[in-house]
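Taking it in order: structure first as structure tokens, then the write-up.
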Amino acid sequence: AMALSKDQAQYYKQTLEMTRKQINDLNNQIEEELSKVKDRLAELKNSKDAAKQIYDGACKILGVENDLEKEEDAAAE
């Protein structure tokens, strides 16, 4: 390390503390946003699953093939 005066050393120590706190705050904000996104994705997936069940039911009633299932199977392969 460089030879620092007392004032300089104090300044850099304060900088360390402030930026460490800032980084911790940002990490917490990132976690919060991620958890909101995960909740939203779960909601959307539930809505999609419900819609797919209705679609499948309508296909069965009409006696037509469920083309969505074929598309999703193909996408999964």
All N/O donor-acceptor pairs, side-chain side in residues 58-68, below 3.5 Å, sequence neighbours left out:
{"unit_1": "Lys60", "atom_1": "NZ", "unit_2": "Asp56", "atom_2": "OD2", "d": "2.5"}
{"unit_1": "Asn66", "atom_1": "OD1", "unit_2": "Leu68", "atom_2": "N", "d": "3.0"}
{"unit_1": "Asn66", "atom_1": "OD1", "unit_2": "Glu69", "atom_2": "N", "d": "3.2"}
{"unit_1": "Asn66", "atom_1": "ND2", "unit_2": "Asp56", "atom_2": "OD1", "d": "2.9"}
{"unit_1": "Asp67", "atom_1": "OD1", "unit_2": "Tyr55", "atom_2": "OH", "d": "2.7"}

Just jot down the side chain to side chain contact (heavy atoms under 4.5 Å, CB included) partners of Ser5, sequence neighbours excluded, or say none.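 Partners of Ser5 by the side chain to side chain contact (heavy atoms under 4.5 Å, CB included) criterion, ordered by chain and then number, come out as Asp7, Gln8.
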
With Lys6, which residues qualify under salt bridge (charged side-chain N to carboxylate O under 4.0 Å, His left out), at least two apart? none

Can you name the salt bridge (charged side-chain N to carboxylate O under 4.0 Å, His left out) partners of Arg40, sequence neighbours left out?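 Salt bridge (charged side-chain N to carboxylate O under 4.0 Å, His left out) check on Arg40 returns Glu43.
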
For a quick test of your reading: what N or O donor-acceptor pairs under 3.5 Å do the side chains of residues 28-38 make, sequence neighbours left out?
{"unit_1": "Asn28", "atom_1": "ND2", "unit_2": "Asn24", "atom_2": "O", "d": "3.4"}
{"unit_1": "Glu33", "atom_1": "OE2", "unit_2": "Lys36", "atom_2": "NZ", "d": "3.3"}

Enter the distance from Leu16:CG to Gln14:CD here, rounded to the nearest 0.5 Å. 10.5 Å

Residues in side chain to side chain donor-acceptor pair (under 3.5 Å) with Asn27, at least two apart? none

Identify the two heavy atoms, one from Thr19 and one from Thr15, that lie closest to each other, and give their separation to 0.1 Å.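 The answer is OG1-O, 2.7 Å.
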
